Amino acid sequence: MPVATATAAGQSLRAPLPVLGRDVTVPLVTGGEVTYAALDYAASAPALQRVWDDVAAYAPYYGSVHRGAGHLSQLSTELFEDARRTVAAFLDCREDDQVVFTRSTTDSLNLLAHALPAGCEVFVFETEHHAALLPWRDAKVTCLDAPRSPGQAVRTLERALAGRDAHGPALVCVTGASNVTGELWPVRELAAAAHAHGARIVLDAAQLAPHHPVGVRELDVDWVAFSGHKLYAPFGSGVLAGRADWLRAAGPYLAGGGASRRVTRRADGGVDVEWHDGAARHEAGSPNVIGAHSIASACKALTEAGFDALVAREQHLLRTVRAGLAEVPGVRVLSLFGDDAPRVGVLSFVVEGWNSSHFAAALSAEYGIGVRDGLFCAHPLVRVLLGGAPGTRGECGASGAAPGEESLDAVRVSFGAGTPDEHVTRFLAAVGELVSGGAKWRYRTEDGRCVPVV
Ligand code: PLP
């Protein structure tokens, strides 16, 4: 039976979904132990208990996919192909879309980069995660200025696309939710702008899919990429789903067994290959059936829990965190689109007079709270948000940034379907204590990071 908690508005909210590690305790440098508060979901979310149970139930039946004649091999093949159908349903794909299993979002976007038609132009905002910013090495890339509102994002893209040769192929790559600010991007409007100018669009849903329904048809995007480990399924798989034509026209991403339908030796000693047309074309080698199965399990679990309830609960946590941080003097929450922009449970901030690494180390060592600090693989975006050149940390101690100065990087807190209220309230209490009273322990710099002196 779901346990309900109540918000200030009296609205009833479902309890967090059970995840692994919810009872794990960690030592505090000041003595004693506490249950670990995992507030780094944007990097990797804990596995859903349901995903773990589904993987464990299948594990004894594990067999090779697509190859064997044995019963378990056939069962595993069916499970693998069934996972593809589940992901297609989760994303509301079009009939003729392909779902390719990859290793991660990074892998998915590199696969798409490999499949770009000759002469393809790529348009990408400077605010993207490096996984979306960097794979387009063989294309002509136009990197667009960070917009300061969703409307400005659409206008910037429209202007850039209007200036291109409309006869050649073009691709826009955009995130659904920022991994730094959590802000939602106007994907539907950007897709309409791309299509109006004859371009296609790929959605980096690494941060969106764990928090929101992603409908390929509703958003009218050509491809979607996401990672299992951010979707509560940390078993090494990701997804690229969408239009089949570019994928079919491209050579296989990896050459090898599984991708090839027929291989023959030529009279001149060479080898001729006929490659598969479908998803298998880009899935050479033995597929990660457990990874695919775990993603399908997470898709089902989130769908059954209901995104309405998940979003309501997460927004309740987000409001609590934002209101709490707003009361702490010297804390500045980073934002591109402003306070009222819709966002997911990902939030970065700087603390006046604190080195971010020091702050994050103290949250971990003294309060058992796991957050992230740094530039979050989005260096140009963090540079825009901080209004300066990030990248060099000060020495450890509460002097990384002098009072009144901008910090050189940031602290990120992120949460999701498995986060209990207590993690968020402990985090806010810890931030308040650290800012008002300072760290209780001493820290030193090791390999550029702050660590407690033990
Ligand atoms: N895109 C965004 C928005 C991300 O936040 C991340 C990871 O943090 C990625 C892409 C890359 O994901 P992965 O490391 O799973 O390939």
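Because the structure is a prediction, the values reported are computed rather than measured. Numbering of ligands and ligand atoms starts at 1, following listing order.
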Ranked by distance from atom 2 (C) of ligand 1, the top protein heavy atom is Asp204 OD2, 3.4 Å
Taking atom types as modelled and ignoring hydrogens, do the side chains of His293 and Asp82 form a donor-acceptor contact shorter than 3.5 angstrom?
no
Is it the case that the side chains of Asp107 and Tyr253 hold a donor-acceptor pair, with the cut-off being a distance below 3.5 Å and no angle test?
yes
Using a distance-only test with no angle check, is there a side-chain donor-acceptor pair under 3.5 angstrom linking Ser104 and Ser227?
no
Closest heavy-atom approach to atom 4 (C) of ligand 1 among His129, Arg103, His130, Glu128 is made by His129
Going by the order shown, which atoms of ligand 1 are within less than 4.0 Å of some heavy atom of Lys230?
6 (C), 7 (C), 8 (O), 12 (O)
Using a strict cut-off of 4.0 Å, indicate which atoms of ligand 1 neighbour a heavy atom of Gln207.
3 (C), 4 (C), 5 (O), 8 (O)
Looking only at side chains, do Thr102 and Ser108 share a donor and an acceptor under 3.5 Å apart?
yes
Would Ser178 and Gln207 count as having a side-chain donor-acceptor pair, cut-off 3.5 Å?
no
Which residue and non-hydrogen atom of the protein lie closest to atom 16 (O) of ligand 1, and at what distance in Å?
Thr106 OG1, 2.5 Å
